[in-house]
K.L.:
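Okay, here's the structure, questions in a sec.
So that the names make sense, note that chain A is the first sequence line, chain B the second, and so on, each numbered from 1. Here the structure is a predicted model, which is why all the values come from computation and not from measurement. Because only heavy atoms are used, hydrogens play no part in the values below, and waters and symmetry mates are left out as well, while side chains stay in.
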There are 2 protein chains.
Amino acid sequence: MSAKHSINQVYSMDLSERSRKVLQAVIDSYIETGLPVGSAVLVKKYEFNLSSATLRNIMAELEELGYLTHPHTSAGRMPTDRGYRYYIDTIISFEREQPSFSGELAQAEALQSGEIHQLMEEASQFLARLSHHAGVVVAPAEPEGLYRHIEFVRLRGNEVLIIFVTNTGAVMNKIVDMDEAISQHDLNAFSGYLDEELEYRTLPEVRQRLLELLREEKAGFLKLFERAYRASQEIRERESEKVFIGGASQIIDSPEFTDIEKIRALFRAFEDKYKLIKLLDKSVAAQGIKVFIGSENPYFEMQDCSLVVGSYKAGSAIGTLGVIGPVRMHYKQVIQVVDYTSRLLSRILDERLKKGIDR
Amino acid sequence: MSAKHSINQVYSMDLSERSRKVLQAVIDSYIETGLPVGSAVLVKKYEFNLSSATLRNIMAELEELGYLTHPHTSAGRMPTDRGYRYYIDTIISFEREQPSFSGELAQAEALQSGEIHQLMEEASQFLARLSHHAGVVVAPAEPEGLYRHIEFVRLRGNEVLIIFVTNTGAVMNKIVDMDEAISQHDLNAFSGYLDEELEYRTLPEVRQRLLELLREEKAGFLKLFERAYRASQEIRERESEKVFIGGASQIIDSPEFTDIEKIRALFRAFEDKYKLIKLLDKSVAAQGIKVFIGSENPYFEMQDCSLVVGSYKAGSAIGTLGVIGPVRMHYKQVIQVVDYTSRLLSRILDERLKKGIDR
DNA sequence: TATTAGCACTCATAAAACATGAGTGCTAAA
DNA sequence: TTTAGCACTCATGTTTTATGAGTGCTAATA
């Protein structure tokens with residue numbers, strides 16, 4: 001599914017079928033147990049018709065190629081980041097249908113009626129529950145939907161509350177300070193004017209049009225235009241900052257995080273939402289799922305973690321979501337969960353969107 | 001400041017001035033270093049003109065009374081929860097003015113213009129930063145402010161978006177499904193009607209009045225009334241569920257939490273926002289700061305923590321806020337921080353409120 | 001009577017010594 | 001090319017052995 005990291009490494013040829021099977025067995029076993037895998041274990045658990053000595057030779061080979069390591073001489077083998085990479089890129093395969101999730105699906109569908117941010121919050125918990133790791137959902141930079149209505153409410157002489165509404169029912173608001181008092185009557189007139197002017201536009205178009213109108217305007221609502229435009233900018237920034245993290249405590253459950261220092265660093269990173277956003281947003285270039293394994297991770301606070309990222313679309317806007325967990329995670333399952341959730345979320349948002357289209 | 005736990009214990013009399021000083025010294029030293037305090041340390045660090053032997057006798061006495069313990073025979077003394085309780089109730093004193101915070105104050109003031117939830121989010125981080133523990137802010141069960149405006153936006157035939165606005169600029173919204181189509185024109189008429197009917201009422205009054213109007217209503221807007229009322233209920237529940245936790249990772253820094261199990265339990269508890277709300281809300285009976293020390297804590301997941309809780313008022317509504325940290329915390333400082341923040345937050349909200357009053 | 005010096009005793013903690021066994025790499029035979 | 005065999009390594013766990021901080025108690029002292 002991911003390509004970036006495999007593109008300039010042609011490793012599919014330099015491994016015999018047998019070696020690949022051994023690598024898979026080692027990784028499978030290690031993912032399952034968390035214990036370094038010795039040659040004897042391979043003989044017992046898997047059906048190679050080979051002796052432990054032969055398997056030792058093969059593993060030594062795989063180690064030379066950088067796919068496995070040794071914690072120390074007398075220990076079994078465990079995968080390196082590179083080993084995991086190979087495993088994901090060329091060994092395991094994915095099926096789309098996930099009948100095992102269907103029980104949980106009903107619950108997710110129930111979200112449909114909720115508020116959009118609540119939906120994302122619950123989606124992050126959904127990810128966490130299914131993956132047994134931390135789930136993250138980042139709201140799209142641009143809220144979904146088309147312009148539907150703008151309302152100005154005068155709070156006090158100079159303070160005016162601006163409310164934007166999209167046809168999907170998203171509500172965004174901002175208090176602005178006008179330099180001079182404006183009557184509610186004038187505000188209503190302006191609102192009506194904008195409703196006609198901006199109807200059915202996407203939000204980027206709205207901002208664009210506001211800017212044009214602002215420039216055309218000779219007098220009258222000049223100040224109001226200017227404030228509305230600025231508000232639309234600020235709202236956009238504010239909305240795009242929303243991150244939802246579910247099941248962060250699951251991280252602690254992983255036996256790999258015995259080291260308090262690592263846990264601390266990780267939770268610090270979780271608190272720095274801005275970084276998280278950048279991390280996820282940067283990660284997702286196109287469609288599909290992308291996996292970052294340990295050291296591949298752009299943020300070094302997270303180099304003990306792996307990251308499985310996907311995207312979902314809300315109309316024209318694109319949001320990101322993913323799972324953060326230890327490097328030793330059940331990639332196949334997690335990738336399927338992320339894939340499933342991203343499509344689920346897209347579908348739910350799509351339905352909301354469709355509802356709004358013919359108002 | 002707190003009384004609950006000291007009311008039925010008359011311990012102020014049964015301790016000599018000297019014993020009290022020793023208890024204070026032990027607790028001070030323990031809070032500072034985290035190490036059990038031996039008699040020799042007391043001689044060195046504090047100016048009792050007593051030998052270590054005498055201090056040993058006094059400490060043995062304090063132990064008998066239940067204020068101190070021994071981890072083992074050959075270790076120094078450390079406070080029990082009861083010891084901390086005595087310490088807080090009758091030994092330390094608090095000053096209101098906190099010049100050391102003033103540097104941070106400016107930053108907090110800057111919050112004033114932000115959205116209310118962002119304000120609370122930042123307040124939780126403010127608490128965390130100043131206390132070096134986790135900071136929690138719970139939104140008031142009832143949003144501040146008075147009725148200002150209601151807006152109905154038709155999204156699609158049967159779906160209507162209801163937006164409530166208070167005179168403080170709080171915006172709450174909810175999508176409802178009408179059984180039959182209603183024109184935007186009718187919705188506007190209804191909105192105008194409600195604006196006249198509900199102006200300047202508090203939100204509980206609004207709900208009350210809506211219910212009355214609903215009963216009086218023979219026909220016409222009956223269904224709309226009913227939906228508006230139900231929306232107001234649901235919004236209330238939703239709004240009251242907001243909890244903001246800042247600096248949760250600070251918890252991990254405390255050397256007391258070496259035990260991964262404890263950390264995990266705690267973070268689980270943090271994720272269960274509903275419980276947190278109950279915890280804080282139940283804790284604050286009246287004005288003032290309340291302290292829960294270790295086992296005094298109503299939730300056993302948190303019996304290794306202490307809790308310093310305060311309240312703030314937003315108009316007629318009351319919200320809670322506090323700090324959660326290890327039992328060995330710098331109570332004096334933390335109490336001052338919570339006290340300070342609660343008054344700061346009240347003041348900021350009050351100013352917002354005043355602005356709204358003469359619209 | 002209150003305080004203190006002195007001393008035997010306790011026990012957590014750290015270091016050292018030792019045993020165990022899982023798992024390896026290598027060699028030589030099959 | 002595979003495998004049996006064996007010496008070797010080294011993390012992990014256990015036992016042993018100091019070390020010393022800190023106590024409680026007793027008897028001397030002010």
Side-chain angles (χ1 to χ4, degrees), chain A residues 15-23 25-30 32-80 83 255-256 258-259 328, chain B residues 14-23 25-30 32-80 83 255-256 258-259:
Chain A
L15 234 55
S16 69
E17 181 64 20
R18 195 178 67 171
S19 298
R20 211 182 292 158
K21 280 265 159 61
V22 171
L23 180 56
V26 171
I27 297 185
D28 281 344
S29 173
Y30 186 73
E32 191 193 333
T33 65
L35 267 33
V37 185
S39 53
V41 174
L42 288 183
V43 172
K44 234 177 286 170
K45 272 184 30 182
Y46 302 87
E47 303 226 322
F48 303 105
N49 281 323
L50 295 171
S51 72
S52 64
T54 312
L55 289 167
R56 275 203 291 284
N57 289 334
I58 298 170
M59 291 204 291
E61 217 173 281
L62 287 168
E63 179 159 7
E64 204 140 308
L65 291 169
Y67 298 130
L68 295 178
T69 6
H70 248 166
H72 57 270
T73 31
S74 70
R77 298 311 207 292
M78 52 199 280
T80 60
E256 1 276 305
T258 334
D259 188 358
R328 177 177 81 88
Chain B
D14 60 1
L15 234 55
S16 69
E17 181 63 20
R18 194 179 67 172
S19 298
R20 212 181 292 159
K21 281 266 158 61
V22 171
L23 180 57
V26 171
I27 297 184
D28 280 345
S29 173
Y30 186 74
E32 191 193 332
T33 66
L35 267 32
V37 185
S39 52
V41 173
L42 289 183
V43 171
K44 234 178 287 170
K45 271 185 28 182
Y46 302 87
E47 303 227 321
F48 303 105
N49 282 322
L50 296 171
S51 72
S52 65
T54 312
L55 287 168
R56 275 204 292 282
N57 290 332
I58 298 170
M59 290 205 290
E61 218 173 280
L62 287 169
E63 179 159 7
E64 204 140 308
L65 291 169
Y67 298 130
L68 295 179
T69 6
H70 249 164
H72 57 269
T73 30
S74 71
R77 297 311 207 292
M78 53 199 281
T80 61
E256 1 277 305
T258 333
D259 189 359

K.L.:
Between Asn49(B) (CG) and dT3(C) (P), how many Å, whole number?
P.N.:
12 Å
K.L.:
Of Leu55(B), Leu50(B), Asn49(B), which is the lone residue that meets side chain to side chain contact (heavy atoms under 4.5 Å, CB included) with Val43(B)?
P.N.:
Leu55(B)
K.L.:
For the pair Val26(A) and Met59(A), evaluate side chain to side chain contact (heavy atoms under 4.5 Å, CB included) and give the outcome as yes or no after the intermediate values.
P.N.:
CA-CA 9 Å; Val26(A) 171; Met59(A) 291 204 291; 3.9 Å; yes
K.L.:
Taking only Lys NZ, Arg NE, NH1 and NH2, and the carboxylate oxygens of Asp or Glu, determine whether Glu63(A) and Arg56(A) approach each other closer than 4.0 Å.
P.N.:
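Salt bridge: no.
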K.L.:
Evaluate the criterion side chain to side chain contact (heavy atoms under 4.5 Å, CB included) for residue pair Val37(B) and Ile27(B); output intermediate values, then yes/no.
P.N.:
CA-CA 9 Å; Val37(B) 185; Ile27(B) 297 184; over 6 Å; no
K.L.:
Could you go through nucleotides 12-20 of chain C and list every protein N or O atom that sits under 3.5 Å from one of its N or O atoms, giving the distance for each pair?
P.N.:
residue	atom	partner	partner atom	Å
dA12(C)	O4'	His72(B)	NE2	3.4

K.L.:
Would you classify Ser52(A) as touching base, sugar-phosphate or nothing, given that sugar-phosphate means primed atoms plus P, OP1 and OP2, and contacts are heavy atoms under 4.0 Å?
P.N.:
nothing
K.L.:
If you find the nucleotide of DNA chain C closest to Asn57(A) and the one closest to Val41(A), which residue's nucleotide is nearer the 5' end?
P.N.:
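Upstream on the strand: Val41(A).
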K.L.:
Can you give the first and last nucleotides of DNA chain D, 5' to 3', that have an atom under 4.0 Å from a heavy atom of chain A?
P.N.:
dT2(D) to dA11(D)
K.L.:
Report yes if at least one side-chain N or O of Arg18(B) is closer than 4.0 Å to OP1 or OP2 of dA2(C); otherwise report no.
P.N.:
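Checking Arg18(B) against dA2(C): no side-chain N or O falls below 4.0 Å of OP1 or OP2.
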K.L.:
Do Leu62(B) and Val22(B) have side chains that get closer than 4.5 Å, going by heavy atoms?
P.N.:
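Answer yes - side chains close enough.
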K.L.:
I would like to know whether Ser19(A) and Lys21(A) meet side chain to side chain contact (heavy atoms under 4.5 Å, CB included); could you show each step before the answer?
P.N.:
CA-CA 5 Å; Ser19(A) 298; Lys21(A) 280 265 159 61; over 6 Å; no
K.L.:
As an exercise, state the distance from CG of Asp28(B) to CG of Leu42(B), rounded to the nearest 0.5 Å.
P.N.:
10.5 Å
K.L.:
Taking the basic N atoms (NZ, or NE/NH1/NH2) and the acidic carboxylate oxygens, is any pair closer than 4.0 Å for Glu61(A) and Arg18(A)?
P.N.:
no
